[in-house]
Amino acid sequence: MELSFRSHFLLSALFWCLVHSPAFGLEKPYIVYLGSHAHGPEPTGADIESATNSHYDLLGSYLGSNEKAQEAIFYSYTHHINGFAAILEEDQAAEIAKHPDVLSVFLSKGRKLQTTRSWHFLGLERNGVIHQSSILRKARFGEDTIIGNLDTGVWPESKSFSDEGMGPIPGKWRGICQRGIKDDFSCNRKLIGARYFNKGYAAYAGRLNYTFYTARDHRGHGSHTLSTAGGSFVPGANVFGYGNGTAKGGSPRARVVAYKVCWPPIHQKKCFDADILLGFDAAISDGVDVLSVSLVGDPEEFFRDSIAIGSFHAARNGIVVVSSAGNSGPQPGTVCNVAPWMITVAASTIDREFTTYVALGDKQRLKGSSLSANGLPSNKLYPLISGADAKITNVSAAKALRCLAGTLDHKKVKGKILACLREYGTVDEGHQAALAGAVGMVLANDEASGNDIFVAQAYVLPAAHISFLDGKVLFTYINSTKFPVAHITRVKTMLNTTPAPIVASFSSRGPNTVEPAILKPDITAPGVNIIAANTLAVGPTGEDFDKRRTPFKAASGTSMSCPHVSGIVGLLKTLYPSWSPAAIQSAIMTTASTRDNKVEPVHDSSLVKATPFSYGDGHIQPSRAMDPGLVYDLTVNDYLDFLCARGYDESQLRSFTNEIHACPKHFNVADMNYPSITVPNLNGTVVVTRRVRNVGTPGTYYVRIKAPAGVSVSVQPQSLVFERFDEEKEFKVVLKPKVAGKPVDYVFGRLIWSDGVHYVRSPLVVKHQ
Ligand SMILES: *[C@@H]1O[C@H](CO)[C@@H](O)[C@H](O)[C@H]1NC(C)=O
Ligand SMILES: *[C@@H]1O[C@H](CO)[C@@H](O)[C@H](O)[C@H]1NC(C)=O
Ligand SMILES: *[C@@H]1O[C@H](CO)[C@@H](O)[C@H](O)[C@H]1NC(C)=O
Ligand SMILES: *[C@@H]1O[C@H](CO)[C@@H](O)[C@H](O)[C@H]1NC(C)=O
Ligand SMILES: *[C@@H]1O[C@H](CO)[C@@H](O)[C@H](O)[C@H]1NC(C)=O
């Protein structure tokens, strides 16, 4: 299964895809999912042994002996998640799926892997100064919270994981710091734990050498995401001097834990379901409060999706799971991680750009973005040549225009600025231009990428990334001039840029293709040019040819926006330790903003108005999230009612939770108490029910509605009086299609409860049948 890309070539997100050709014959690694264990949340050694034995017995009854089962099973999930991962043949897997105790059997698939300013932009600080009223101070910088991260591991020596000034490790922590083989990996009072899981990977990769037995981050992805969620204060953090400031996570005093489930690519797949599921099981029993999961896969039915399964068990144990929406936008229906029991995060820009200008010989100036370390050697005009004009004889001009490997004539390029047309995944951070001897590079978007030049790359030579329209100007100039010349100015860090945020084009969009009645993504957060900790194992581009080493790097993707939300969740957890994951999710969603820093509606990168399919409830506003007024709360029972409505029967749900759940007779998915309201098939009058709980002061809330076009919306009652803290009230939303002008596509509106101080917003998303 391939995701269709029209996005950036250096996005840091992890993708999963079906692996079509595993390394061995008919046998493949499968996950046999059995739901929850009969034993309690803190199993004894005997409980774990008995769980493991029950797995051997179950599989043994199919394979003919307990010994064969022991050989086939490479993981038993024994703590919270009940199930095992085993090497099986396809027909064996199909047989086992029929067993009454088995909820699902699915292939352990792989996924592709793909600062300083963002907290200012989110209002946690003003130009580095953290005010008394900041949620950071009120929530004591997240000091009581433990944040876990499922990713590529961590670089433990990074200053972002320094434990200077941190007190003793919280008593609730039950995890370990797994030592590496031939790796001096150690934890401290900041990085309190680490584990690695590689057997699901080995099922494809074969025998692994010692470099696979460590939680150390050799890619840079996990160090970046974990430090964004909970990194310590590091003054003077920058990338080649750009974006200089104090790096920190959203919860800078939180404790952090790395669960390494991603490894070097095998056919571009890096993180495998069997490992991910064990990572979840370990994190739950270790006692994390928040799990940050910057991994995405193709949307799948919940019981066949390792992240949906793992996050259900996590949420049931009070853990908030935050995940990435994916980097497959801007096409509709691309959003991943669509289960209602996790927070799904889109990515948007902040008010900082890394700007450079291309000055042409005819005095035209084109604006570009870049994070090139150096400027051109001298302040003069250099000869400019297009890739097409620099081609070797036996390749097409079209190919050479893309500056692909082996298409450029070094004699023609040497000492010049090379102009290239960008193609997804091909122009490798200027590597080809540098190899061909260019002094600089101008990289123009192709038509598909349009105006989106927000992502600044750490090119290995002085370079500027320009828009498609400016590319036309550039190539027209080159064509019309005998001796074209140009200069590229040194990169400047520009602050307070407008408009911001803008939803990044790469950010995956709704609707939710698994359950259209649940809006996804839920929220957007900074995910473009985010500066955070790097590994010292690879350079800032992550490519082998990049021999530079930087303790911080800039990265873009929903992988970067996800840990911003995880960090904020860490603060909320410190403030409100008793709140359910759903209450925290609601607080974050209903207080989000749909306006940018010009007080205009947030835009998509195409500069049209963004919709909830791009940003969910809107852009995160942390200081509002700590005082939401009302929350839409949910319990595990609500999630189970939701699954009933989706067609799961009571015996499946009984295995899932190991508890009896009676499915309600009449329950509509749209009635689940989610903070957004989606009716994907409005075929007459539809009544949606919601409950809100008062987490603020007593008061009266009045409703305000912005009805979607062609839909009449009324709310009963129109006001809610709360006499006490924690009181819960129900209301109904009645939606009716207007006869005239019935739209066939999705339309969007808003429902707001306000007491004059709090604004509790929910998007209304409607499609007529
Ligand atoms: C370990 O295995 C990987 C993948 O096969 C290989 O690239 C690497 O060079 C090996 N390292 C050592 C030290 O053997
Ligand atoms: C970054 O800022 C710090 C503190 O403000 C300053 O000491 C340092 O010189 C700056 N570094 C760069 C590269 O600008
Ligand atoms: C073009 O010719 C060169 C030198 O003869 C050769 O190395 C290269 O592979 C050829 N490229 C293509 C695309 O045919
Ligand atoms: C420049 O000239 C090339 C080759 O003649 C042509 O293919 C291309 O379309 C021209 N570009 C512009 C922008 O005029
Ligand atoms: C609307 O759709 C629902 C579910 O598809 C169906 O049960 C119901 O009968 C429909 N109502 C009308 C008025 O067509």
Side-chain angles (χ1 to χ4, degrees), residues 22-109 176 178 195-208 213 259 261 272-286 303-306 309-310 312-313 316 651-659:
F24 31 83
L26 293 168
E27 296 185 320
K28 294 175 187 170
Y30 285 91
I31 291 161
V32 177
Y33 177 52
L34 302 165
S36 292
H37 289 282
H39 63 60
E42 280 176 54
T44 62
D47 288 336
I48 287 171
E49 198 183 322
S50 123
T52 310
N53 286 335
S54 74
H55 298 157
Y56 293 153
D57 290 345
L58 192 154
L59 186 61
S61 70
Y62 289 89
L63 301 188
S65 78
N66 205 292
E67 288 68 37
K68 282 187 180 155
Q70 293 194 30
E71 219 168 83
I73 291 179
F74 61 93
Y75 283 144
S76 271
Y77 304 105
T78 54
H79 285 79
H80 295 270
I81 301 169
N82 189 2
F84 55 88
I87 305 291
L88 300 170
E89 287 179 12
E90 196 178 332
D91 51 353
Q92 290 170 336
E95 275 307 304
I96 296 162
K98 294 180 195 152
H99 190 285
D101 292 347
V102 172
L103 276 171
S104 62
V105 178
F106 55 97
L107 204 56
S108 169
K109 293 179 305 258
I176 59 163
Q178 195 175 3
R195 294 180 189 262
Y196 53 88
F197 304 98
N198 61 20
K199 288 187 187 171
Y201 177 78
Y204 288 98
R207 224 183 131 73
L208 304 177
Y213 289 83
Y259 296 93
V261 295
F272 290 85
D273 287 323
D275 296 330
I276 291 165
L277 213 47
L278 198 59
F280 270 105
D281 203 36
I284 298 167
S285 64
D286 286 351
F303 279 9
R304 303 175 59 82
D305 172 342
S306 63
I309 292 170
F312 178 86
H313 289 272
R316 199 176 168 216
S651 86
Q652 285 173 309
L653 297 183
R654 169 143 198 200
S655 307
F656 194 35
T657 58
N658 200 50
E659 274 164 23

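The figures here come from the full heavy-atom set of this structure, side chains too, leaving out hydrogens, waters and symmetry mates. If you're wondering where the values come from, they're calculated on a predicted model, not measured in any experiment.
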Q: Test I96 against L88 for side chain to side chain contact (heavy atoms under 4.5 Å, CB included), laying out the working first.
A: CA-CA 10 Å; I96 296 162; L88 300 170; 3.9 Å; yes

Q.
Is there a side chain to side chain contact (heavy atoms under 4.5 Å, CB included) between I309 and Y77? Walk through the geometry before answering.
A. CA-CA 12 Å; I309 292 170; Y77 304 105; over 6 Å; no

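- Within the 4.5 Å cutoff, side-chain heavy atoms of N198 are placed close to those of L208.
- When the side chain to side chain donor-acceptor pair (under 3.5 Å) test is applied to S36, the partners found at least two apart in sequence or on another chain are R316.
- For the residue pair A274 and I31, the shortest heavy atom distance occurs at N-CD1, 3.6 Å.
- Between D273 atom CG and L107 atom CG the span is 8.0 Å, to the nearest 0.5 Å.
- The backbone N or O of H79 sits nowhere less than 3.5 Å from a side-chain atom of S285 that would complete a donor-acceptor pair.
- Note on ring orientation: taking the six-membered ring where Trp is involved, the planes of F656 and H313 are perpendicular (angle over 60°, cut-offs 30° and 60°).
- Between the CD atom in E89 and the OH atom in Y30 there is a gap of 9.5 Å [rounded to 0.5 Å].
- Contact check for T52 versus I73: no side-chain heavy atoms found under the 4.5 Å cut-off.
- Between K199 and L278 there is no side-chain heavy-atom pair separated by less than 4.5 Å.
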Q: Just do the side chain to side chain contact (heavy atoms under 4.5 Å, CB included) check on E49 and T44 with the steps written out, would you?
A: CA-CA 9 Å; E49 198 183 322; T44 62; over 6 Å; no

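- Residues Y75 and D275 have side chains that bring a donor and an acceptor to within less than 3.5 angstrom of each other.
- Although no hydrogens or angles enter the test, the distance criterion places a donor-acceptor pair under 3.5 Å between the side chain of T657 and the main chain of E659.
- For G310 against L277, the heavy-atom pair with the smallest separation is N-CD1, 4.0 Å.
- In this structure, the side chain to side chain contact (heavy atoms under 4.5 Å, CB included) partners of H39, at least two apart in sequence or on a different chain, are H37, P43, D47.
- Between F84 and H55, the angle of the ring planes lies from 30° to 60°, which puts this pair in the tilted group.
- Applying the salt bridge (Lys or Arg N to Asp or Glu O under 4.0 Å) definition to pairs two or more places apart or across chains, those involving residues 92-106 are E95-K98.
- Of all heavy-atom pairs spanning G279 and V261, the tightest one is CA-CG1, 4.5 Å.
- Here the side chains of L34 and L103 are not in contact, with every heavy-atom distance at 4.5 Å or above.
- Closest heavy-atom contact between L59 and A86: CD2-CB, 4.0 Å.
- Taking the side chain as every heavy atom from C-beta outward, Y259 and D286 approach each other to under 4.5 Å.
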Q.
Evaluate Y213 against Q178 for side chain to side chain contact (heavy atoms under 4.5 Å, CB included), listing each step before the verdict.
A. CA-CA 9 Å; Y213 289 83; Q178 195 175 3; over 6 Å; no

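- Looking only at side-chain heavy atoms (C-beta outward), R195 and I176 come within less than 4.5 Å of each other.
- Nearest heavy atoms, D281 versus H80: OD1-N, 2.7 Å.
- Side-chain atoms of N82 never come within 3.5 Å of backbone atoms of G35 as a donor-acceptor pair (strictly under, hydrogens ignored).
- Residue N658 comes nearest to A38 through the heavy atom pair ND2-CA, 3.1 Å, listed as atom of the first residue, atom of the second, then distance.
- Going from atom CZ of F197 over to atom CZ of F280 covers 11.5 Å, rounded to the nearest 0.5 Å.
- Using a 4.5 Å cut-off on side-chain heavy atoms (C-beta onward), Q92 and L63 make contact.
- Here D305 contributes atom CG and I276 contributes atom CD1; the two are 9.0 Å apart, rounded to the nearest 0.5 Å.
- Side-chain contact between Y33 and R304: absent, with no pair of heavy atoms (C-beta onward) separated by less than 4.5 Å.
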